[in-house]
Enquirer: 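Here it is: the structure, laid out below.
Residue numbers start from 1 in every chain, and the chains themselves are labelled A, B, ... in the order their sequence lines are given, proteins ahead of strands.
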There are 2 protein chains.
Amino acid sequence: MVRLAMTQPQVELRREEILDAALELFERDGIEAVSFRRIAARLDCSYSAPYRYFASKHELLTALRARAFRWIEQRMVDAIGVSSSPIEQLRMLARAYMDAALELPDRYALMFFDIGDDDLDPSPELVEAKRAALGVCTRVVAAAEKAGQLSLRVDPLSASHLFWCGAHGLVSLQVGSQFVMGRAYETLAPMMIDTLIAGLKAPPP
Amino acid sequence: MVRLAMTQPQVELRREEILDAALELFERDGIEAVSFRRIAARLDCSYSAPYRYFASKHELLTALRARAFRWIEQRMVDAIGVSSSPIEQLRMLARAYMDAALELPDRYALMFFDIGDDDLDPSPELVEAKRAALGVCTRVVAAAEKAGQLSLRVDPLSASHLFWCGAHGLVSLQVGSQFVMGRAYETLAPMMIDTLIAGLKAPPP
DNA sequence: CTATTAACTTAACAGTGTCAACAATTGGTC
DNA sequence: GACCAATTGTTGACACTGTTAAGTTAATAG
């Protein structure tokens with residue numbers, strides 16, 4: 001068997017370099033500034049070189065999105081560390097998610113908005129990053145349920161979906177001021193969390 | 001004063017023709033197929049002609065988005081007509097919104113996803129279309145509250161925001177299979193509606 | 001009929017993603 | 001050390017894109 005010119009770790013390192021350059025461009029000048037030409041200029045290589053490491057721009061953005069999901073997961077993990085009660089952990093987690101999204105709205109938009117087709121060729125890395133992020137939420141919900149602080153109306157996975165959907169809906173409508181919010185985020189965010197918790201506590205009809 | 005070559009209604013008519021062509025392209029081949037060149041080809045005019053009616057592509061897409069908001073508003077209005085109880089109207093309205101979004105996911109994605117900057121130069125037409133659509137929801141929530149079917153925990157406008165955020169979050173995560181949904185839409189959708197209603201009915205803590 | 005003016009066309013610019021052909025460099029084998 | 005294969009990087013090109021400027025056509029007002 002013939003050895004590769006670059007060892008596997010070296011390839012991974014170059015990928016990370018390219019992603020770093022792409023991320024810098026993105027954070028500085030937004031999604032429209034992310035182009036193979038500009039990335040190449042930053043890395044002092046030709047505009048076609050990154051194609052050896054990413055088959056398409058979609059693939060590159062997908063890798064960037066996976067990074068963003070790991071970032072927001074970390075934000076949630078950090079948030080739940082400081083509180084004790086599971087239901088309070090859930091509150092902090094949801095709040096941390098929404099705060100992070102509004103803190104770096106462009107990054108959050110990248111996670112969900114600028115998408116061509118995600119069904120075809122789903123990146124395992126991205127799927128795993130999403131799964132891990134949701135996992136944080138699911139575990140806290142399950143803990144709250146086990147502690148008797150949430151009724152058994154719905155299973156933990158479904159309940160965590162509801163929280164995720166509620167939080168995502170709120171911040172994604174807020175992010176680009178895409179909606180005429182008659183109410184401010186600071187009042188709506190705890191309202192959403194409390195309403196969902198109250199709804200999950202309520203006995204089934 | 002000098003008369004215009006086109007009367008005001010004629011200008012509006014031409015705008016609609018351009019939007020019709022753009023919409024056909026969009027519905028057939030997606031957002032990437034919407035370009036001034038392709039629109040012009042469909043209208044048998046030069047690729048620069050539409051610039052007389054839309055200052056930029058963003059403005060054209062904004063007009064298309066306003067159309068989409070009026071469309072989903074109509075879907076909600078149609079849905080609430082068939083039920084009587086306000087709380088049931090609310091259920092039907094939310095369900096109609098989500099069903100419409102999943103029925104034409106690309107159109108729904110256009111409404112929220114493909115956006116450059118919405119803050120600068122906010123189109124009055126789009127703002128009004130959004131306001132009108134939310135108004136449908138707000139009125140039904142207010143009616144439910146007045147009928148005593150919802151507690152007074154939060155005001156109707158805030159409550160309608162919660163419904164909108166919940167519904168939007170659910171379908172927008174579902175639309176591009178952007179999330180690893182461990183639970184199907186058919187189970188999550190009524191779950192979200194019921195949980196929010198139950199949460200709003202619950203007494204304040 | 002003429003002059004004005006709006007509607008339209010053409011050409012061009014500065015970008016973009018993507019791919020094919022070519023050069024350079026590297027690493028293992030004899 | 002020399003050779004060879006494979007991989008990495010470069011250049012050029014294609015087919016697009018949004019957008020603007022200059023020039024053209026056509027219709028209308030006086």
Enquirer: My understanding is that only residues two or more places apart in sequence, or in another chain, count here; which of them pass side chain to side chain donor-acceptor pair (under 3.5 Å) with Asp155(B)?
Expert: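 If we apply the side chain to side chain donor-acceptor pair (under 3.5 Å) test to Asp155(B), skipping adjacent residues, the hits are Arg183(A), Ser158(B).
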Enquirer: Please enumerate all protein N or O atoms sitting under 3.5 Å from an N or O of nucleotides 20-25 of chain C, with distances to 0.1 Å.
Expert:
none

Enquirer: Can you tell me the distance, in whole Å, between the CD atom of Glu59(A) and the P atom of dG17(C)?
Expert: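 Answer to the nearest Å: 15 Å.
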Enquirer: Rounded off to whole Å, could you give me the CD1-to-P distance for the Ile39(A) and dG9(D) pair?
Expert: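 Spelled out: CD1 on Ile39(A) to P on dG9(D) is 14 Å.
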Enquirer: Classify the ring geometry between His168(A) and Tyr108(A) as parallel (under 30°), tilted (30 to 60°) or perpendicular (over 60°).
Expert: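 Tilted: the ring planes of His168(A) and Tyr108(A) meet at 30° to 60°.
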Enquirer: Applying side-chain contact (heavy atoms from CB on, under 4.5 Å), name anything that partners Glu16(A), two or more places apart in sequence or on another chain.
Expert: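 Partners of Glu16(A) by the side-chain contact (heavy atoms from CB on, under 4.5 Å) criterion, ordered by chain and then number, come out as Glu12(A), Leu19(A), Arg67(A).
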Enquirer: Under the salt bridge (Lys or Arg N to Asp or Glu O under 4.0 Å) test, which residues partner Arg95(B), sequence neighbours left out?
Expert: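 Result, salt bridge (Lys or Arg N to Asp or Glu O under 4.0 Å) vs Arg95(B): Asp99(B).
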Enquirer: According to side chain to side chain donor-acceptor pair (under 3.5 Å), who are the partners of Glu103(B), at least two apart in sequence or on a separate chain?
Expert: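 Only Arg75(B) meet the side chain to side chain donor-acceptor pair (under 3.5 Å) criterion with Glu103(B).
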Enquirer: Figure out the CZ/P separation between Phe54(B) and dT20(D), and round it to whole Å.
Expert: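 Those two atoms, CZ and P, are 16 Å apart.
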Enquirer: Within the structure, does a side-chain N or O atom of Tyr47(B) lie under 4.0 Å from either OP1 or OP2 of dT19(D)?
Expert: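 Checking Tyr47(B) against dT19(D): no side-chain N or O falls below 4.0 Å of OP1 or OP2.
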Enquirer: Holding to side chain to side chain donor-acceptor pair (under 3.5 Å), I want the full list of residues that pass it with Thr138(A), two or more places apart in sequence or in another chain.
Expert: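 Listed in chain order: Ser160(A).
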Enquirer: In whole angstroms, how far is the P atom of dT8(D) from the CG atom of Leu43(A)?
Expert: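 Answer to the nearest Å: 16 Å.
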Enquirer: Who are the salt bridge (Lys or Arg N to Asp or Glu O under 4.0 Å) partners of Arg52(B), not counting sequence neighbours?
Expert: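 Checked Arg52(B) against salt bridge (Lys or Arg N to Asp or Glu O under 4.0 Å); zero matches.
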Enquirer: Atom CG of Asp44(A) to atom C1' of dT8(D): distance rounded to whole Å?
Expert: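 Roughly 16 Å, once rounded to whole Å.
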Enquirer: Taking N or O atoms only and anything under 3.5 Å, show me the protein contacts with nucleotides 14-18 of chain D, one pair per line.
Expert:
from	atom 1	to	atom 2	distance (Å)
dT17(D)	OP1	Ser35(B)	OG	2.9
dG18(D)	OP1	Lys57(B)	NZ	2.9
dG18(D)	OP2	Phe36(B)	N	3.2
dG18(D)	N7	Arg37(B)	NH1	2.5
dG18(D)	O6	Arg37(B)	NH2	3.2

Enquirer: For Phe163(B), what residues pass the ring pair (Phe, Tyr, Trp, His ring centres under 6.0 Å) criterion, not counting sequence neighbours?
Expert: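 For Phe163(B), no residue satisfies ring pair (Phe, Tyr, Trp, His ring centres under 6.0 Å) once neighbours in sequence are set aside.
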